[in-house]
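No experiment lies behind these values; they were computed from the predicted model shown.
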Amino acid sequence: MMRIDVLTLFPRMFDGPLGESIIGKAREKGLLDIRVSNFRDYSDNKHQTVDDYPYGGGAGMLLKVQPIHANLAAIEAEQPIEKKRIILLDPAGKPFNQKMAEEFANEEQLIFICGHYEGYDERIRSLVTDEVSLGDYVLTGGELGAMVMIDATVRLLPDVLGNQTSAQTDSHSTGLLEHPQYTRPAEFAEMKVPEVLTNGNHKLIAEWQLKESLRRTYLRRPDMLEKLPLAPEMEKLLKEIKEEEKKTD
């Protein structure tokens, strides 16, 4: 079972999202243990303050190191786990991606620290293994980013998805965007499912799926192809795609 801890000033934000859908089912099955703590409870200040003005001046307030340190120490004392990552949600961190989710899914414990205010006392960074950003924009806090990362990670855990192949063939897991998919009826409002998908020839279907994954990636995310080593068959298909797309321009 994976354990996930979240350190936040707003624990109620996690009450609903982490009890629903795939994450909720994983918790019900005993595959996942999620615990959310309010690090304000670990402040040694009688007023339970968790922020202060920065030395040297500057705009805004910084999160203090003491409450975070005490909260982490309490988690460690409760259940020491060696194989873990402590993740600081920070706009200056490394951008989160599918590869990182796959790495996180191999750990026994993840601890997310959700910040607020203008930033962190720099000493907090010495307590973590990773500084991660959801993207090139700023949110009011790290809570939503933590939820996204938890969702992306948990679905990769063994037995969490009903069909484990789904996670393995997801967009970004294979290095390509997923090919178009269809379900019944075979024709709706004069829009037809490609005939190759209905003929039962699994070899032709696999070739079509690969080609359309390449096509979608080439048209929407060509930057992904630059990072992907292409087998000779994929090189051949990509050449065909480029010629076909030229004709439709």
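The backbone N or O of Asp51 sits nowhere less than 3.5 Å from a side-chain atom of Thr49 that would complete a donor-acceptor pair. Under a 3.5 Å cut-off, the side chain of Ser133 and the backbone N or O of Gly93 do not form any donor-acceptor pair. The closest donor-acceptor contact from the side chain of Tyr218 to the backbone of Leu238 lies at 3.5 Å or more, if one exists at all. Under the 3.5 Å distance criterion, the side-chain polar atoms of Lys227 are left unmatched by any main-chain donor or acceptor of Gly175. In this structure a side-chain-to-backbone donor-acceptor pair under 3.5 Å is missing from Ser43 to Pro67. Side-chain N or O atoms of His116 include one that pairs as donor or acceptor with a backbone N or O of Thr140 at under 3.5 Å.
Leu237 and Leu228 fall within the same hydrophobic cluster, where Ile, Leu, Val, Met, Phe, Trp and Tyr residues are linked whenever their side-chain heavy atoms come under 4.5 Å apart, directly or through other members. Hydrophobic cluster membership differs between Ile81 and Leu157, with clusters built from Ile, Leu, Val, Met, Phe, Trp and Tyr side chains linked at under 4.5 angstrom. Transitive grouping of hydrophobic side chains (ILVMFWY, heavy atoms separated by less than 4.5 Å) brings Tyr53 and Ile68 into a common cluster. Tyr42 and Phe14 fall into different hydrophobic clusters, where Ile, Leu, Val, Met, Phe, Trp and Tyr residues are linked whenever their side-chain heavy atoms come under 4.5 Å apart, directly or through other members.
Rounding to the nearest 0.5 Å gives a distance of 11.5 Å between CD1 of Ile4 and CD of Glu107. A distance of 14.0 Å separates CD1 of Ile205 from CG of Leu210, quoted to the nearest 0.5 Å. With values rounded to the nearest 0.5 angstrom, Glu108 atom CD is found 10.5 Å from Lys84 atom NZ. Atom OG1 of Thr217 and atom CG of Leu176 lie 4.5 Å apart (nearest 0.5 Å). One distance of note links CG of Leu110 with CD1 of Ile150; it measures 8.0 Å at 0.5 Å rounding. In this structure, CE in Met147 is found 8.0 Å from SG in Cys114, a value given to the nearest 0.5 Å.
Within a 6.0 Å radius of CD in Glu78, more than 12 heavy atoms belonging to other residues, nucleotides or ligands are found. The 12-atom threshold is exceeded at CD of Glu187, counting heavy atoms of other residues, nucleotides or ligands nearer than 6.0 Å. Within 6.0 Å of NZ in Lys236 there are 12 or fewer heavy atoms belonging to other residues, nucleotides or ligands. When the shell of 6.0 Å around CD of Glu103 is examined, it contains more than 12 heavy atoms from other residues, nucleotides or ligands. Around OH of Tyr137, the count of heavy atoms belonging to other residues, nucleotides or ligands within 6.0 Å exceeds 12. Counting non-hydrogen atoms of other residues, nucleotides and ligands closer than 6.0 Å to CZ of Arg123 gives a total of 12 or fewer.
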For this session: Could you go through the side chain to side chain contact (heavy atoms under 4.5 Å, CB included) check for Leu9 and Asn38 one step at a time?
Result: CA-CA 5 Å; Leu9 293 173; Asn38 187 337; 3.7 Å; yes
For this session: Step by step, work out the side chain to side chain contact (heavy atoms under 4.5 Å, CB included) result for Asn71 and Asp5.
Result: CA-CA 10 Å; Asn71 198 162; Asp5 285 89; over 6 Å; no
Problem set entry | Verdict with reasoning, Met149 to Val132, per side chain to side chain contact (heavy atoms under 4.5 Å, CB included) | CA-CA 10 Å; Met149 294 178 198; Val132 185; 3.5 Å; yes
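Within the 4.5 Å cutoff, the side chain of Leu18 has heavy atoms near those of the Arg27 side chain. The closest side-chain heavy-atom distance from Glu235 to Lys239 is not below 4.5 Å. The closest side-chain heavy-atom distance from Met13 to Thr8 is not below 4.5 Å. Glu244 is listed as a side-chain neighbour of Arg215, based on a closest heavy-atom distance under 4.5 Å. Considering only heavy atoms from C-beta on, Asn45 stays 4.5 Å or farther from Gln66 through its side chain. Two residues are said to be in side-chain contact when any heavy atoms from C-beta on lie closer than 4.5 Å; Leu62 and Asp52 fail this criterion. Within the 4.5 Å cutoff, side-chain heavy atoms of Leu7 are placed close to those of Ile75. Looking only at side-chain heavy atoms (C-beta outward), Ile113 and Ile86 come within less than 4.5 Å of each other.
Minimum interatomic distance between Phe96 and Ala101 (heavy atoms only, all atoms of both residues): CZ-CB, 3.8 Å. The two residues Asn199 and Val196 come nearest to each other via the heavy atoms OD1-O, 3.0 Å. Closest approach of Leu214 and Met234 over heavy atoms only: CD1-O, 3.8 Å. Across every non-hydrogen atom of Glu143 and Phe10, the tightest pair is OE2-CD1, 3.9 Å. Counting all heavy atoms, side chain and backbone alike, Ala26 lies closest to Val154 at CB-CG1, 4.2 Å. Lys83 and Asn106 make their closest contact through NZ-O, 2.8 Å (heavy atoms, listed as atom of the first residue, atom of the second, distance).
Lys25 and Glu28 are not joined by a salt bridge, as no carboxylate oxygen comes within less than 4.0 angstrom of a charged side-chain nitrogen. Using a 4.0 Å cut-off between a side-chain N of Lys or Arg and a carboxylate O of Asp or Glu, Glu212 and Arg216 do not qualify as a salt bridge. Remark: Glu243 does not engage Lys247 in a salt bridge, criterion side-chain N to carboxylate O under 4.0 Å.
Taking the six-membered ring where the residue is Trp, Tyr182 and Trp208 present tilted rings, their angle falling between 30° and 60°.
Checking Leu31, Leu32, Val160, Thr153 one by one against Ile23, the side-chain contact (heavy atoms from CB on, under 4.5 Å) holds for a single residue, Leu32.
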